[in-house]
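Only one structure is covered here, and it is reproduced in the block below.
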Protein chains: 2
Amino acid sequence: MEVWTLSTSTGSGYHHGDLRAALLDSALALLDTEGPGELSLRAVARHAGVSPNAPYRHYRDKETLLAALATRGYTELGERLAEAAPGDDPGAEIVAMACTAVDYALDHPGVYRLMFGQSCSTHPDAIAASDAAMAFVADRIAAVAAPERREALLTGIWSLVHGLSTLLLDERLGARTRAEADALVETVVRTMLGTGLERPDGESGAG
Amino acid sequence: MEVWTLSTSTGSGYHHGDLRAALLDSALALLDTEGPGELSLRAVARHAGVSPNAPYRHYRDKETLLAALATRGYTELGERLAEAAPGDDPGAEIVAMACTAVDYALDHPGVYRLMFGQSCSTHPDAIAASDAAMAFVADRIAAVAAPERREALLTGIWSLVHGLSTLLLDERLGARTRAEADALVETVVRTMLGTGLERPDGESGAG
DNA sequence: CATTCAATGTGGTCATTGTACACATCGATG
DNA sequence: CATCGATGTGTACAATGACCACATTGAATG
């Protein structure tokens, strides 16, 4: 019933100490290299220095381990979002959160793909963690948006940021540095939230 | 050097006739049931009624077959987008395209996940097909947007729609019917493209 | 028509993977 | 020290992706 505080290797050789957390660390390290589809449970075990079956003492199966990692990902993303958000104007606050989320995706490509992949969106814990992160964003949006638009804005911004992250991860937007990516995110978010289209009643100056 | 025109089964038992296309059909059928990560090449071969190795005569490896399917998916999505777009006002045209894309995702969940998954975004053909679809959207947007904002709007709308599709596929938005999903897409897209945020110089009526 | 040949499908094989089962080892508790 | 539950190991098996050599075919060639 003791609480383990170490994370890598505590035991005297046979027992690991905190394999449960170490497996997540190993999976994280490998995921950010290989991508979620290619990651094998055995590779995670190897990275952690244990036998292929050791993980099964802590996670029911591979999917459960990955879901746990996705849950951790959502939690960390939520923490980063909470630290961001220096709001001069509403737009700046939204932009800051968008950049924070995109930066997280760029920092942890594998985990991000895992988080928004199929299998993990089924797992209750992951869903709960995702909802928590979304709830935080919802609060921030509620502070700057008209009540009628809050829900649509939340969905829209969340979707927009996810789409941007995906495209940036796939290198489809030509942004090579983090600064370029952030600048692009700011431009796109501001364009989408500002007056993006010429109004029908105005003059449509596009040729 | 002949061109095969049949698609399902032509051969006299041993040779299939057009296995290349039939494999795509089988993969499509299985993908929309099982999801891209779980789909095995052998299952595709079984579904097509051939031996596990037959696919290797037509596709270098599993990833190549899936990339071909993703390419086909982008092409079909592009065709659907071309059929859509009845533009009363600019917003309606964008909304129509957004709904078309989301409907495609809902019609073919597996293929959609494949298209926006990692491995296929690396394949040249898939990238080309994706670029073609995006180019079509870009044209439509160029017709209704100020030149300065075209690029950001394209990226933003594409991202927004992709995010919406993902969330809808994961059943995170509570839309159960196609009509509900379309209505939600319309609301979100219009909210995002309209004046979504209270301007700082205006009064922020949110409580 | 018989031969030949390249395209296409089959069977055999191997390493890797996910996972189940039985066994080994450890730390705490009596 | 003996015991026991928690945790890690080893063995085992089916499924998979992919490679090889071989079989079968239809079409071009004589």
Side-chain angles (χ1 to χ4, degrees), chain A residues 1-27 30-31 34-69 114 119-120 123, chain B residues 1-27 30-31 34-69 114 117-120 123:
Chain A
M1 287 297 183
E2 290 306 300
V3 176
W4 308 98
T5 35
L6 300 176
S7 60
T8 34
S9 175
T10 307
S12 42
Y14 197 100
H15 284 88
H16 184 275
D18 192 3
L19 185 55
R20 184 175 203 94
L23 287 171
L24 288 187
D25 291 340
S26 295
L30 294 175
L31 257 188
E34 306 180 32
E38 286 63 39
L39 180 65
S40 78
L41 188 54
R42 294 170 103 106
V44 174
R46 276 192 296 267
H47 185 100
V50 292
S51 84
N53 292 340
Y56 287 93
R57 296 291 162 185
H58 301 277
Y59 300 96
R60 200 165 49 76
D61 53 15
K62 181 186 181 183
E63 193 181 315
T64 305
L65 193 163
L66 293 181
L69 190 56
L114 185 69
S119 53
C120 287
H123 198 91
Chain B
M1 285 296 182
E2 291 307 300
V3 176
W4 308 97
T5 36
L6 301 176
S7 62
T8 33
S9 176
T10 304
S12 44
Y14 198 100
H15 284 86
H16 184 274
D18 191 4
L19 185 55
R20 184 175 201 94
L23 287 170
L24 288 186
D25 291 339
S26 294
L30 293 175
L31 255 187
E34 306 180 31
E38 284 66 36
L39 180 65
S40 78
L41 187 54
R42 296 171 102 104
V44 175
R46 275 193 296 268
H47 185 100
V50 293
S51 84
N53 292 337
Y56 287 96
R57 295 291 161 186
H58 301 276
Y59 300 96
R60 200 165 50 75
D61 53 14
K62 180 186 180 183
E63 193 182 315
T64 305
L65 193 162
L66 293 181
L69 190 58
L114 184 68
Q118 188 178 15
S119 53
C120 288
H123 198 91

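Letters go in sequence order (proteins before strands), and every chain restarts at 1.
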Would you mind telling me which of D:dA18, C:dA22, D:dA21 lies closest to the side-chain atoms of B:R57? D:dA21
Expressed as a whole number of angstroms, how long is the span from B:R60:CZ to D:dG17:P? 15 Å
Check whether any side-chain nitrogen or oxygen of A:S40 sits under 4.0 Å from OP1 or OP2 of C:dT16, and answer yes or no. no
Nucleotide D:dG10, atom P - distance to OH of A:Y56 in whole Å: 16 Å
By nearest heavy atom, map B:R42 and A:G49 onto DNA chain D; which one lands nearer the 5' end? A:G49
Nearest-Å distance for atom pair CG/P, residues B:L66 and D:dG17: 9 Å
Compare the minimum distances between each of C:dT19, D:dG8, C:dG9 and the side chain of A:A54, then state the nucleotide with the smallest one. D:dG8
On a heavy-atom basis, which atom in A:E34 and which in A:L39 lie closest, and how many Å separate them? OE1-CA, 4.4 Å
Would you mind reporting whether B:Y56 and B:T64 have side-chain heavy atoms less than 4.5 Å apart? no
Give a yes/no answer on whether the side chain of A:H58 brings an N or O atom under 4.0 Å of OP1 or OP2 in D:dG8. yes
Given that A:N53 and B:L39 both sit by DNA chain D, which one's nearest nucleotide is further toward the 5' end? A:N53
Where do B:S51 and B:A45 come nearest, in terms of heavy atoms and distance? O-CB, 3.5 Å
Do B:Y59 and B:L24 come within less than 4.5 Å of each other through their side chains, counting heavy atoms only? yes
Report yes if at least one side-chain N or O of B:R46 is closer than 4.0 Å to OP1 or OP2 of D:dT16; otherwise report no. yes
